[in-house]
Amino acid sequence: MESIQVSIQGGRSQAFPKGISAKAAIEKLKGAVPPEVFAVKANGVEKDLLAPLETDAALQPLAFDSPEGKEIYRHSSTHIMAQAVKECFPTAQLTIGPAIEEGFFYDFSFDRPFTPEDLESIEKRAKAIIASNLTVTRLEMSKSEAIEYFRQRGEHYKVELLEGIPDDQVSLYQQGEFVDLCRGPHVPSTGHIKAFKILTSAGAYWRGDERNPMLQRLYGTSFPSEEALQAHLDNLEEIKRRDHRKLGKDLDLFSIQDETGPGLILWHPKGAQIRLLIENFWREQHLANQYELVYSPHVARLDLWKTSGHVDFYKENMFTPMPVESSEYQLKPMNCPFHIMVYKSHLRSYRDLPIRYGELGTVYRYERSGVLHGLMRVRGFTQDDAHLFCRPDQLAEEVQKVLKFTTFMLGTFGFTEFKMFLSTRPEKAVGTLEQWDQATLALEAALKDGGYPYQEDPGEGVFYGPKIDVKIQDALGRSWQCSTIQIDFNNPQRFGLTYVGEDGKTHQPIMIHRALLGSIERFFGILLEHYGGAFPAWLAPVQVLVLPISEKHQAYGQQVEKKLRGEGCRVALDLRNEKIGLKIREGEKAKVPFMIVVGDREAEAEMVSVRQRNGKNLGTMSIIDVVTLIRDDMPEAVRKGSFLFE
RNA sequence: GCUGGCGUAGCUCAAUCGGUAGAGCAGCGGUUUUGUAAACCGCAGGUCGGAGGUUCGAUUCCUCUCGCCAGCUCCA
């Protein structure tokens with residue numbers, strides 16, 4: 001019999017008869033398969049434990065702790081859910097059911113939405129399937145056999161899927177009576193799923209296309225232990241608690257009201273104070289880094305948007321134009337044309353470049369009603385926008401500076417984990433291939449020179465040029481896209497932008513669109529959730545709350561308040577006739593970083609007692625000590641006022 | 001935009017199987033003069049999201065509409 005060489009994770013290899021299962025090989029090599037292992041990678045390819053090995057193989061056992069293992073685990077879980085649904089509701093048809101980031105879903109074609117009671121019975125059934133520890137077996141058959149098989153079972157979506165598969169041979173997985181078309185691999189038996197939960201149901205379109213029938217999607221998740229599942233559920237609760245819409249209301253930061261219109265934000269005084277601090281810091285930094293700040297109007301002639309191409313390429317996101325006298329005006333969806341017009345306002349020399357125009361520019365975009373979401377997705381928002389006009393030889397350096405600026409800005413706000421994405425030429429694109437190559441290379445060079453790890457997103461660029469997107473990770477590990485750096489060779493051409501070169505001839509500048517925070521609204525929402533409303537002192541709308549113990553101490557409290565205010569602190573004074581316990585409770589709920597209690601002892605010594613947010617008593621100190629306390633809490637760049645990072 | 005759920009006082013939530021609604025907190029008035037997460041008493045507060053319909057009578061049932069939530073799709 002032919003033999004093959006098999007090893008585990010770089011260990012010594014041993015000869016086995018060809019066709020031995022991965023499981024048997026591991027048992028021979030290591031004595032037993034560890035209980036947490038449910039699949040393997042053989043020469044980098046994921047396989048079932050029982051898969052026969054046909055060639056020499058380096059095995060890597062897979063458990064839940066690896067990304068591949070997690071996916072297999074969740075994928076097997078969704079099969080169990082599908083089996084439970086078929087058993088509870090035999091008329092439901094199977095469609096697709098993949099693993100996702102935190103769990104899995106399965107879409108069913110069913111004549112009505114699943115109710116919460118349905119979910120309960122499905123979950124119960126799924127748990128019974130797990131308890132009975134059904135063996136999961138792989139079946140292979142020809143495509144035509146499989147089509148016939150599913151047609152007989154009335155699984156029309158599976159038939160449609162099969163018809164789209166190019167291979168002649170397909171695999172199916174069976175557990176008990178349940179069979180599903182699936183590439184695999186899977187756990188060897190249903191009992192490997194230790195903790196299983198169905199979370200929600202929702203509608204979803206077949207193949208994600210809104211013209212297709214609506215399916216019923218069930219979301220669920222699974223973990224190797226009840227504790228891990230509970231931790232995940234706790235995390236979901238925490239996310240709910242930190243929801244910026246809830247915190248925004250609780251802390252009285254902003255509101256969105258029916259009468260005003262959906263997707264339009266009203267910034268209340270405290271929210272506005274935080275926004276002002278963000279904006280002030282932003283402006284300071286931009287001036288320090290040789291940006292020039294401009295302002296532009298909120299509407300412009302429709303013709304401007306025709307020139308820019310927005311009428312052709314962006315119409316579905318624009319508000320309807322309004323007639324004004326004999327022409328039409330358009331509420332602005334972008335800031336770029338205005339900055340371009342500033343550039344165009346006079347002749348430019350190669351010596352003037354790069355030119356960097358920055359603006360906190362408010363734009364209005366028509367978003368379909370179903371996509372609006374608190375501050376994260378709105379119809380009117382302020383971009384921290386800038387447009388850089390540069391020569392081709394300056395492109396890479398400018399991009400790199402922007403990248404540095406980005407990580408510096410986001411870092412100051414407390415975000416230190418970044419993921420960068422390089423998006424390349426989409427199918428629908430303007431510009432020559434040379435231009436795309438040159439620009440993409442410049443972006444790549446900037447990423448590499450800066451030592452930023454990145455992923456490529458092929459075909460995800462904007463129609464006018466490639467881009468780099470930066471995603472940040474918040475305190476709960478979720479990622480958010482804020483920054484974007486886009487190269488544009490379309491607009492300089494459309495608007496006929498030029499500069500006079502060293503050679504005396506006219507040349508076309510390259511334009512970079514960039515936003516560091518993305519939109520102030522979204523960034524504010526992310527910050528709010530990141531800190532759970534407990535902003536660091538430099539951003540807190542009220543930094544210190546002065547709490548006199550009784551009426552007797554009001555005068556001293558007022559003195560303390562005045563002095564702190566004089567030192568530039570944002571301070572509030574609670575003169576209400578209430579007990580100190582209540583005032584502290586309310587200060588805590590408002591998440592004020594420092595509270596000062598003043599009574600007889602403090603008034604006499606001309607000192608203050610300081611209590612930090614969340615109860616830590618910092619003891620008695622002088623008023624100036626409090627000022628230092630707040631100042632020490634600020635990031636270096638904020639304390640310095642301006643910060644040149646070059 | 002689509003599917004499903006929801007909309008009751010400033011906030012969080014009850015109740016009415018069709019007979020015009022109630023609590024806590026917040027607010028206001030008073031008592032209390034207070035030492036690190038809720039003192040006590042009282043008062044006031046609602047066209048039950050909006051429009052139309054059915055009915056003797058609608059917050060409740062029906063239709064439409066606006067908005068919110070989850071998801072799909074899209075995105076700063």
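In what follows, chains are A, B, ... by sequence order, proteins preceding strands, each numbered from 1.
- The distance between atom NZ of A:K616 and atom P of B:U36, rounded to the nearest whole Å, is 19 Å.
- With 3.5 Å as the limit, one finds no donor-acceptor pair spanning the side chains of A:D625 and A:T628.
- Ring centers of A:F418 and A:Y452: at least 6.0 Å apart, outside the cut-off.
- Here salt bridge (Lys or Arg N to Asp or Glu O under 4.0 Å) pairs that include residues 600-617 of chain A, with residues two or more places apart or in two chains, are A:K552-A:D600, A:E588-A:R611.
- When the side chain to side chain contact (heavy atoms under 4.5 Å, CB included) test is applied to A:N212, the partners found at least two apart in sequence or on another chain are A:W206, A:R207, A:D209.
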Anything under 3.5 Å between a protein N or O and an N or O of nucleotides 2-13 of chain B, put it in a table, one pair a line.
from	atom 1	to	atom 2	distance (Å)
B:C2	O4'	A:Y205	OH	3.4
B:C2	O2'	A:Y205	OH	2.8
B:C2	N1	A:Y205	OH	3.4
B:C2	O2	A:Y205	OH	2.6
B:U12	OP1	A:K249	NZ	3.3

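- Stacking is found between A:F381 and the pyrimidine-like six-membered ring of the B:A76 base under the 5.5 Å centre-distance and 30° plane-angle cut-offs.
- Protein atom NZ of A:K583 is 10 Å distant from nucleotide atom C1' of B:U33, rounded to whole Å.
- Nearest-nucleotide positions on RNA chain B place A:N617 closer to the 5' end than the other of A:I256 and A:N617.
- For residues 375-384 of chain A, the side chain to side chain donor-acceptor pair (under 3.5 Å) pairs, not counting sequence neighbours, are A:R275-A:T382, A:W282-A:D384, A:N335-A:Q383, A:T362-A:T382, A:E367-A:R377.
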> Given the rule in the salt bridge (charged side-chain N to carboxylate O under 4.0 Å, His left out) test, do A:R576 and A:E586 qualify, once you have shown the distances and angles that lead to the verdict?
Replying inline: CA-CA 12 Å; A:R576 289 176 308 164; A:E586 295 190 352; 2.7 Å; yes

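- Partners of A:D107 according to the salt bridge (charged side-chain N to carboxylate O under 4.0 Å, His left out) rule, which considers only residues two or more places apart in sequence or in another chain, are A:R217.
- For A:F489, the ring pair (Phe, Tyr, Trp, His ring centres under 6.0 Å) partners two or more places apart in sequence, or in a different chain, are A:W436.
- In the region residues 591-599 of chain A, proximity to RNA chain B at under 4.0 angstrom, judged on heavy atoms, holds for A:V597, A:G599.
- Atoms CD (A:Q486) and P (B:A76) sit 7 Å apart, rounded to a whole Å.
- Within the 3.5 Å criterion, the main-chain N or O of A:L516 finds no donor-acceptor partner in the side chain of A:T406.
- Screening A:E238, A:E417, A:E529 for a salt bridge (charged side-chain N to carboxylate O under 4.0 Å, His left out) with A:R478, the sole residue that qualifies is A:E529.
- Scanning for ring pair (Phe, Tyr, Trp, His ring centres under 6.0 Å) contacts around A:H553 gives an empty result, with sequence neighbours left out.
- The ring pair (Phe, Tyr, Trp, His ring centres under 6.0 Å) check on A:H387 picks up A:H339, A:H513, with sequence neighbours excluded.
- More than 12 heavy atoms of other residues, nucleotides or ligands shown are found within 6.0 angstrom of NZ on A:K583.
- A:R522 contributes a side-chain N or O that forms a donor-acceptor pair with the base of B:C75 under 3.5 Å.
- Consecutive pairing runs in RNA chain B reach the stem threshold at B:1-7 with B:66-72, B:10-13 with B:22-25, B:27-31 with B:39-43, B:49-53 with B:61-65, where a stem means at least three Watson-Crick or G-U wobble pairs with distances under 3.5 Å.
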For nucleotides 40-47 of chain B, list the nitrogen or oxygen atoms of the protein found under 3.5 Å from its nitrogen or oxygen atoms, one pair per line.
none

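- Within 4.0 Å (heavy atoms only), A:E602 reaches at least one base atom of the nucleic acid.
- Residue A:S201 is the one, among A:S201 and A:L517, whose nearest nucleotide of RNA chain B lies closer to the 5' end (criterion: closest heavy atom).
- With hydrogens and angles ignored, no donor-acceptor pair closer than 3.5 Å exists between the side chain of A:R217 and the base of B:C72.
- In terms of the side chain to side chain contact (heavy atoms under 4.5 Å, CB included) criterion, residue partners of A:F463 (sequence neighbours excluded) are, by chain and number, A:F313, A:V430, A:N490.
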